Student: 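Just dropping this structure here.
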Amino acid sequence: MNRKYDVIVVGAGHAGCEAALACARMGCKCLLISIYLDTVAHMPCSPSIGGIGKGHLVREIDALGGEMAKITDKTALQFKRLNTRKGPAVRGTRTQNDKVRYRTLMKHVVEKTKNLELKQARVESLVIEDNKVCGIIDDIGVEYRADAVILATGTFLHGLIHIGTTKIPAGRAGEFPSIKLAEQLRELGFKMGRMKTGTPARIHRRSIDFSCFEKQLGDENPYPFSLFTEKIDIKPVPCYFGKTSKRCHEIIKQHIHLSPLYNGTIQGVSARYCPSLEDKIMKFPHKEFHNIILEPEGLDTEEIYASGTGNSLPYEVQEKLIRSIPGLEEAEIMRCAYAIEYDFVQPTQLKHTLESRPIKGLFFAGQINGTSGYEEAAAQGLWAGINAALLVQKRPPMILNRSQAYMGVLVDDLVLKGVNEPYRMLTSRAEYRLILREDNADLRLLEIGYKLGLHSRDTYNNLLERRKQIREEISRLKTTRIYPVQNTNEILKSKGSSEIQSPTTLDKILKRPELDYSIIEILSPPPNPIDFRVKQEVEIECKYEGYLKRQETEIKKFRELEYIKIPEGFDFDKVPGISNEIKEKLKKFSPTNLSQASRISGMTPAALSILRVFLKKGTRKS
């Protein structure tokens, strides 16, 4: 039996699956290890994918050659476009998904992928030789060798579930935690911390009075996540919105001393953007109610995910608070809510490739880096998988900067700023979010995926054709004039727009906020049919031309700093005029260019200017 691989991926959640698929598709022999094969790509919390910021990541994963968007489209129960009344920078897509179908389809893709093996085992330790990872040893003593190892362990490192005073060692409900691997990482000198997350109750459908809730269906004409989804053919399944009650709040306040989150039992840091119900009630006492969303877990199950009811209270208290919510008076809890604590590795110990600084060939991806969410995990998994494959193949690494992708923002934030709470992607984190839209992820990143070997030539040719059509249509709009004749002005008036008094180019008509590309199709249709994506890009490019040019100018300045490289092993102590505190931070993070150095916490404009001058002098001397 040959136990030698190019890359081993530990953990088969969203990060692990994307990492393993990327490695295998790039030609590396890869082993993906899961503690339990029936939970490959499991969705342990919300049965949904995407959202504001998170949807951007899903589209970028797809554009680079990942799998999440494709599986999401195939298993969606409904699609919802968010922030449609706001600008394109902050619009996002979210789906409700069938949990069982999602993990089943992803497992099927993994099992069918060439160069990829899937095995059930619990990894007990890493094999380290001369500060380089060489493989892993599982819980029955079998050793597997590899040139690179990716740890995508999720919540399994020293995982501990809390339900009231009950503590259950587990990575997830019903699954073994990883103890020895967590201890070894500490012994190797990694700085680690403790995070806390949780999941709400699941309720039997027949015990819910849905008349007390507001039904919400998805979009009638859904737009898929993946470029490769030709058609969405689903019958949308509704979600239901409700509210907590005064009685619910009273029950939680009366029993708050039994919450391990409030009696000091839980030491891990909670997510600010996804607080538990007891946290919301205690921190926002002025609020009369909090939202509850009932989300179906799948087509073939009666379990309903009660979003908004997450807590760590004892089971008997959970029953009371659930049944105090209007419509849930007779609720049957199928799975109770719980909180879970787990170890994470402070990501400031990683390079921008997500390879660790202390141990060569050892990569980290997902919640082990202090992030939260399926989308953030999958993005890191793809990133780490690509870079592990490139390392093995002795090719230059792939590092996307903050002006190229939300994934670049995510990794840059983790590596240069670290985390003190579970990190969640938000559009507000991206300085260039008008450039980094959901709709243009393929235009930004697909070519990179093609060069990595993650897309076919046909896919790349389609991209080139789409870019050409966009350029040609924008050029046509800028050079084609319409005239203030009666018919034209009547059309404009019928669309709620003012008449024109002089010859006007089509791009200026399209800039009007009350009009969209459909006005072009009426006034001056393109000579050849163009698809929805092209129309969408043309409209955005015309409407936001001034803002886009402004951001492009900012990006140019940003990239000027990126071009000033900091040599590997550079001695920051030799730079005069910089404080010892800043020098220590520079040595700790080892930035590879001046742009990265500028984003290190505590870096001052004066210190950056001194460093810039020193580096330029060194370049001239060499």
Side-chain angles (χ1 to χ4, degrees), residues 9-11 13-16 18-19 44-46 53-54 57 149-160 171-172 177-178 181-186 188-199 261 266-276 279 339-359 362-385 387 402 406-426 428-430 585 588-589 596 599-601:
V9 180
V10 180
H14 301 282
E18 294 291 354
C45 201
S46 173
K54 289 171 174 282
L57 290 175
V149 172
I150 302 171
L151 295 184
T153 52
T155 58
F156 280 73
L157 296 183
H158 268 141
L160 184 64
R172 285 189 296 244
S178 180
L181 182 58
E183 291 172 349
Q184 185 191 22
L185 291 173
R186 277 198 168 82
L188 287 169
F190 283 100
K191 182 182 177 183
M192 301 179 73
R194 201 89 169 131
M195 292 287 192
K196 171 262 170 187
T197 186
T199 191
L261 189 63
I266 290 177
Q267 299 299 312
V269 181
S270 303
R272 185 194 319 180
Y273 302 103
C274 189
S276 63
D279 219 14
I340 183 168
E341 284 186 286
Y342 57 95
D343 289 349
F344 76 98
V345 173
Q346 185 58 249
T348 52
Q349 299 161 101
L350 307 180
K351 301 176 184 178
H352 272 76
T353 57
L354 296 183
E355 182 187 15
S356 79
R357 297 183 189 279
I359 308 295
L362 180 61
F363 293 77
F364 295 80
Q367 281 183 279
I368 192 172
N369 290 338
T371 60
S372 68
Y374 310 144
E375 304 84 358
E376 290 87 346
Q380 292 172 74
L382 179 61
W383 187 293
N387 281 301
R402 300 180 73 90
Y406 269 82
M407 294 170 70
V409 174
L410 166 66
V411 171
D412 193 65
D413 281 350
L414 294 177
V415 172
L416 293 183
K417 299 177 183 177
V419 293
N420 52 22
E421 62 179 315
Y423 181 101
R424 176 180 181 173
M425 180 48 67
L426 306 165
S428 59
R429 297 190 190 275
K585 288 187 176 182
K588 175 183 176 183
F589 293 106
Q596 290 178 12
R599 295 191 296 280
I600 294 174
S601 176

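Treat the numbers as computed from the prediction; the structure is a model and nothing was measured. Just the heavy atoms: all of them, side chains too, but no hydrogens, waters or symmetry mates, feed the values below.
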Student: Among V345, N369, V9, L185, exactly one meets side-chain contact (heavy atoms from CB on, under 4.5 Å) together with L151. Which residue is that?
Tutor: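 Between L151 and the candidates, side-chain contact (heavy atoms from CB on, under 4.5 Å) is satisfied uniquely by L185.
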Student: Got a second to check how far R172's CZ is from T155's OG1, nearest 0.5 Å?
Tutor: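 The OG1 atom of T155 is 6.5 Å from CZ of R172, to the nearest 0.5 Å.
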Student: Which atom names give the shortest non-hydrogen contact between K196 and A339, and what distance separates them?
Tutor: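 So the two residues come closest at CE-CB, 3.7 Å.
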Student: Testing E341, E183, M192 for side-chain contact (heavy atoms from CB on, under 4.5 Å) with H158, which one passes?
Tutor: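 Testing each of E341, E183, M192 against H158, the sole residue satisfying side-chain contact (heavy atoms from CB on, under 4.5 Å) is E183.
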Student: Are the side chain of D279 and the backbone N or O of P275 linked by a donor-acceptor pair below 3.5 Å?
Tutor: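 No, D279 side chain to P275 backbone: no donor-acceptor pair under 3.5 Å.
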Student: Any chance you could measure F363, atom CZ, to I150, atom CD1, to the nearest 0.5 Å?
Tutor: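 That separation rounds to 6.5 Å.
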Student: For L350 and S356, which heavy atoms make the closest approach, and how far apart are they?
Tutor: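 In terms of heavy atoms, the two residues are closest at CD2-CA, 3.8 Å.
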Student: Side-chain contact, heavy-atom cut-off 4.5 Å: F156 with L181?
Tutor: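 A side-chain contact is absent here, since even the closest heavy-atom pair is not under 4.5 Å.
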Student: Do F364 and T153 have side-chain heavy atoms sitting under 4.5 Å apart?
Tutor: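 Not touching, per the 4.5 Å side-chain cut-off.
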Student: Please report the closest heavy-atom contact between L426 and Y406, naming both atoms and the distance.
Tutor: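 Smallest interatomic distance, heavy atoms only, reads O-CE2, 3.9 Å.
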Student: Report yes or no: do Q367 and S372 form a side-chain donor-acceptor pair below 3.5 Å?
Tutor: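 Judged by distance alone, the side chains do not pair up.
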Student: Enter the distance from K191:NZ to Q346:CD here, rounded to the nearest 0.5 Å.
Tutor: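 One gets 5.5 Å once the value is rounded to the nearest 0.5 Å.
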Student: Stepwise, does the side-chain contact (heavy atoms from CB on, under 4.5 Å) test hold for Y342 with T197?
Tutor: CA-CA 9 Å; Y342 57 95; T197 186; 3.8 Å; yes
Student: Hey, could you give me the CG/CG distance between L354 and L414, rounded to the nearest 0.5 Å?
Tutor: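 Reported to 0.5 Å precision, the distance equals 7.5 Å.
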Student: Assess whether side-chain contact (heavy atoms from CB on, under 4.5 Å) is satisfied between Q596 and V415, documenting all intermediate values.
Tutor: CA-CA 10 Å; Q596 290 178 12; V415 172; over 6 Å; no
Student: Working to the nearest 0.5 Å, report the span between CD of Q380 and CG of L57.
Tutor: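 So the CD of Q380 and the CG of L57 are separated by 9.5 Å.
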Student: Would the distance check show the side chain of Y374 and the main-chain N or O of S46 forming a donor-acceptor pair, the cut-off being under 3.5 Å?
Tutor: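 Checked: pair present.
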Student: If you take all heavy atoms of M407 and A379, which pair is closest and at what distance?
Tutor: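 For M407 versus A379, the nearest heavy atoms are CE-O, 3.5 Å.
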Student: Within 45 degrees of the axis of the six-membered ring of F589 and under 6.0 Å from its centre: does R599 put its NZ or CZ there?
Tutor: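 Not satisfied by the 6.0 Å and 45° rule.
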Student: List the steps and the verdict of salt bridge (Lys or Arg N to Asp or Glu O under 4.0 Å) for R424 and E376.
Tutor: CA-CA 7 Å; R424 176 180 181 173; E376 290 87 346; 5.3 Å; no
Student: Any heavy-atom pair between the side chains of R194 and D343 that's under 4.5 Å?
Tutor: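 D343 reaches R194 side chain to side chain.
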Student: Just by modelled atom types, is the G408 backbone N or O under 3.5 Å from a matching donor or acceptor in the W383 side chain?
Tutor: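 Flag not set: sc W383 to bb G408 has no pair under 3.5 Å.
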Student: For the pair K417 and D412, evaluate salt bridge (Lys or Arg N to Asp or Glu O under 4.0 Å) and give the outcome as yes or no after the intermediate values.
Tutor: CA-CA 8 Å; K417 299 177 183 177; D412 193 65; over 6 Å; no
Student: Quick check: do E375 and H14 have side-chain heavy atoms less than 4.5 Å from each other?
Tutor: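 No. Closest side-chain heavy atoms not under 4.5 Å.
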Student: To the nearest 0.5 angstrom, please state how far the CD1 atom of I368 sits from the CG atom of L157.
Tutor: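 If I round to the nearest 0.5 Å, the distance is 4.5 Å.
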Student: Ignoring hydrogens, what is the shortest heavy-atom contact between A152 and G16? Give both atom names and the distance.
Tutor: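 Scanning both residues completely, I find the closest heavy atoms to be CB-N, 3.7 Å.
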Student: Is any side-chain heavy atom of V10 closer than 4.5 Å to one of V149?
Tutor: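 Yes. Closest side-chain heavy atoms under 4.5 Å.
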Student: Yes or no on side-chain contact (heavy atoms from CB on, under 4.5 Å) for R357 and F190, after CA distance, side-chain angles and deciding distance?
Tutor: CA-CA 10 Å; R357 297 183 189 279; F190 283 100; over 6 Å; no
Student: Evaluate the side-chain contact (heavy atoms from CB on, under 4.5 Å) criterion for residues K351 and N387: first the C-alpha distance (whole Å), next the side-chain angles of each, then the deciding distance (0.1 Å), finally the verdict.
Tutor: CA-CA 11 Å; K351 301 176 184 178; N387 281 301; over 6 Å; no
Student: Could you tell me which non-hydrogen atom of L261 sits nearest to which non-hydrogen atom of S270, and how far apart they are?
Tutor: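 Between these two residues, the closest heavy atoms are CD1-OG, 3.5 Å.
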